[in-house]
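Contents: one structure, followed by commentary.
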Amino acid sequence: MPSLKDIQQEFMALLQENDRHLEKRIIKQGELTNEQRAEIYRTGYRIRLRGVIDSDHEMLSLYLGDDLFDQLVEGYIDNAPSEHPSLRFFAERLPEYLSKTEPFSNHPILAEIAGFERRLLHTFDSADSDTLDQSVLQQIPADAWPTLHFTMHPSIHFYAAYWNSVESWQSLKNETAPPEASHNEQPTIWAIWRGPKKVTEYKSLQGAEWVALQLVMQSKPFSEVCEALQPHLEEEQIAPMLFGYISDWLNNGWITSARG
Amino acid sequence: MSTDFLGFGLGLRTKHFSTILSEKPAVDWFEIISENYMVDGGKPRYFLDQIRRDYPIVMHGVSMSIGSTDPLNMDYLKGLKKLSEEVQPQWMSDHLCFTTVGGINSHDLLPLPYTQETLDHLTQRIHQVQEILGREMVFENVSSYLTYEHDQMQEWEFLASLATQCGCKFLLDINNIYVSSRNHGFDPMDYLHAIKPEWVQQIHLAGHSDMGTHIVDTHDHPVPDPVWALYEEYAKISGPKSTMIERDDNIPSMQELVEELQLARDIGDRVWSQEKRAAHA
């Protein structure tokens, strides 16, 4: 008699490798053959996993077209089996798979589109936190600003795109043809966050704002952030510009605390 | 674990979040898929926190893999325990099956052989899990498409032995019994007569897809007549049991589901006397 462990290994071999050993363990009953009974499980396994990639990577699917997307899904299911109890993590390694597997690796924009879609998903269920509003700007005494530290919302993620991947994603989302793939030496930095209405939002960041944000995320005080902006802005522009950024961040629901 | 009769519930699905909050539909309780809420935050957790203020919640998992010969996934159990402490469910359930092999997750509820080895394995694992979670677990019978040649007993005999040996309670899925009865050619009443009411914490009702040669447990149709008939038969045996409809695909409006749930209420009204209801309340 096969052990419980034997049966479970044979079952997984059926699902993953189409190894038909399990069929010999099944009682012959009714109109279905043992092959058909095993096939119900194998087909269900692949449909279920495919459904996850379809749902998580809708724009990548449109970018690739049906045939290449089918090839991607089949290859990924065979090569990157799920190791997490939740299906939401099944396609976590898809960007890496795309960047290492031909023919997809010949088009690096594909891994970037997939990576952007994963960031959107990470943002969707990141931790919550209460956020501050504009009124906080009036409440901070002038002498407290130099030592002020901001804490940012845990849902904020950043994504460095060297290709016009996010622009392509946007085009497909708007049901228009994506632009031809193009590469930039300097990446575009995208901020992705969950807004006050729990909807995922994103925007590109300009140089000075990105410099300021990185320091704020590292809990650097306001005075240090101002200093870091000196190479990017005229002296007299720094304070109003930074004030404008902070105002935008408050509107976006990015700031959860401001402490001296 | 609460043994109260909670009444008639539905699976909590994202499509209905706003409707539930704005219209407070006539549903006695909701069941959540635990894994969908084992996240740090975001929309599902926000809505769950709101909805649980108005409705009792039951947690139903799909990834415990209680029958697997893999070691228990301690990270998963830690996450499940954390969620249960936050949600404070009436009870928690998962499935009598295995989902993982060698660390790989099938994301399917794969059937166990009905042998003494499996019984012993489950008994030991269920006790271990209950100790880790600090609470009793309820386990659901799964639908299946194959029977192992080396099975030593029928599925219902297996459940009866498990209840006796382990003391665990069941989430009896009437649709799964019907699906398996058609796929394996047994009489579903043999199954239902073997399951003592005191072993049953909750009942699931659902729809399926009839492929002619077999039935697939798809949860994408209304509860069909044969499942309602079996539910009524078991309700006569069991007395009031917390009952819910599971719908996972082709999900209709909340109003349609509430109307469908009324059919279960009607059966309860027909077969459960006031005295019986009072006895179970």
Side-chain angles (χ1 to χ4, degrees), chain A residues 1-16 22-34 36-45 48-49 51-52 81-90 121-129 153-155 194 197-200, chain B residues 34-47 49 61-65 67-70 73 75-76 79-80 98-108 110-113 115 117-118 120-122 144-152 182-186 211-214 216-217:
Chain A
M1 184 167 84
S3 69
L4 185 57
K5 190 168 187 169
D6 292 339
I7 286 291
Q8 295 186 352
Q9 286 175 341
E10 286 176 14
F11 220 125
M12 191 51 86
L14 165 76
L15 301 183
Q16 283 201 290
L22 188 78
E23 288 172 20
K24 295 175 193 157
R25 311 289 193 195
I26 305 172
I27 288 180
K28 290 187 173 59
Q29 291 174 309
E31 294 177 55
L32 284 181
T33 63
N34 286 9
Q36 288 170 316
R37 289 180 185 276
E39 193 57 34
I40 292 169
Y41 284 99
R42 179 166 161 83
T43 305
Y45 172 72
R48 201 168 296 109
L49 295 181
V52 176
S82 175
E83 294 173 355
H84 197 281
S86 173
L87 273 170
R88 71 179 58 230
F89 296 100
F90 169 59
L121 292 163
H122 296 163
T123 302
F124 177 77
D125 49 21
S126 297
D128 289 309
S129 183
H153 195 276
S155 78
R194 196 173 60 234
K197 291 182 177 172
K198 309 282 179 197
V199 174
T200 303
Chain B
S34 307
E35 289 77 5
N36 292 349
Y37 298 88
M38 290 166 70
V39 292
D40 294 328
K43 224 174 188 173
R45 285 300 302 265
Y46 168 80
F47 278 102
D49 289 344
V62 294
S63 300
M64 187 175 281
S65 197
S68 172
T69 54
D70 278 4
N73 184 333
D75 287 341
Y76 171 78
L80 190 64
F98 68 101
T99 59
T100 52
V101 182
I104 305 300
N105 205 313
S106 68
H107 299 288
D108 197 356
L110 303 176
L112 292 162
T115 64
E117 183 197 7
T118 309
D120 294 341
H121 182 67
L122 281 175
S144 66
Y145 309 98
L146 58 82
T147 304
Y148 298 106
E149 246 181 11
H150 66 293
D151 278 358
Q152 296 169 325
R182 287 276 306 273
N183 291 341
H184 305 306
F186 63 76
M211 316 302 283
T213 52
H214 62 288
V216 180
D217 183 21

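Small disclaimer: the values here were computed from a predicted structure and weren't measured. Residue numbering restarts at 1 for every chain, and letters A, B, ... go by the order of the sequence lines.
- Taken to the nearest 0.5 Å, the OH atom of Y145(B) stands 14.0 Å off from the CD atom of E39(A).
- Looking at heavy atoms from C-beta onward, S126(A) lies out of side-chain contact with D40(B) at the 4.5 angstrom threshold.
- Heavy atoms closer than 4.5 Å to chain B are found nowhere in K28(A), neither backbone nor side chain.
- With a 4.5 Å cut-off on side-chain heavy atoms, S106(B) and Y41(A) do not count as touching.
- Salt bridge absent: D125(A) and R45(B) never bring a charged side-chain N and a carboxylate O closer than 4.0 Å.
- In terms of the side chain to side chain contact (heavy atoms under 4.5 Å, CB included) criterion, residue partners of S86(A) (sequence neighbours excluded) are, by chain and number, H84(A), R88(A), F89(A).
- With hydrogens and angles ignored, the 3.5 Å screen pairs a side-chain donor or acceptor of S63(B) with a backbone N or O of P85(A).
- Listed for the R25(A) side chain is no donor-acceptor partner under 3.5 Å among the backbone atoms of T147(B).
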*Go through N105(B) and E83(A) one step at a time and tell me if the side-chain contact (heavy atoms from CB on, under 4.5 Å) criterion holds.*
CA-CA 6 Å; N105(B) 205 313; E83(A) 294 173 355; over 6 Å; no
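- Here the side chain of E31(A) pairs no donor or acceptor atom with the backbone of T213(B) at under 3.5 angstrom.
- In this structure, the portions of P2(A) lying under 4.5 Å from any heavy atom of chain B include both its backbone and its side chain.
- Between chain A and the options E117(B), M38(B), M211(B), heavy-atom pairs under 4.5 Å are most frequent for E117(B).
- Across all non-hydrogen atoms, the minimal contact from V101(B) to M12(A) is CB-CB, 3.8 Å.
- When heavy atoms are compared at a cutoff of 4.5 Å, S65(B) does not approach chain A at all.
- Only the side chain of L15(A) comes within contact range of chain B, with heavy atoms under 4.5 Å apart.
- Both the backbone and the side chain of I26(A) come within less than 4.5 Å of a heavy atom in chain B.
- Most heavy-atom pairs under 4.5 Å with chain B, from the set K5(A), K24(A), R48(A), R194(A): that is R48(A).
- Side-chain atoms of D128(A) come within 3.5 Å of backbone atoms of G42(B) as a donor-acceptor pair (strictly under, hydrogens ignored).
- Heavy atoms of L4(A) lying under 4.5 Å from chain B belong to its backbone as well as its side chain.
- For N73(B), the part lying under 4.5 angstrom from a heavy atom of chain A is the side chain only.
- A donor-acceptor pair under 3.5 Å is formed between the side chain of Q8(A) and the backbone N or O of T69(B).
- The contact between F124(A) and chain B is made by backbone and side chain atoms together, counting heavy-atom distances below 4.5 Å.
- Expressed to the nearest 0.5 Å, how far CG of D151(B) lies from CE of M1(A) amounts to 9.5 Å.
- Looking at Q36(A), neither its backbone nor its side chain comes within 4.5 Å of chain B, counting heavy atoms on both sides.
- Here the side chains of L110(B) and Y45(A) are not in contact, with every heavy-atom distance at 4.5 Å or above.
- At least one side-chain heavy atom of L146(B) sits less than 4.5 Å from a side-chain heavy atom of L22(A).
- L49(A) and H107(B) get closest at one heavy-atom pair: CD2-CD2, 4.0 Å.
- Every residue two or more places apart in sequence or in another chain that forms a side-chain hydrogen bond (donor to acceptor under 3.5 Å, both in side chains) with D6(A) is listed here: S3(A).
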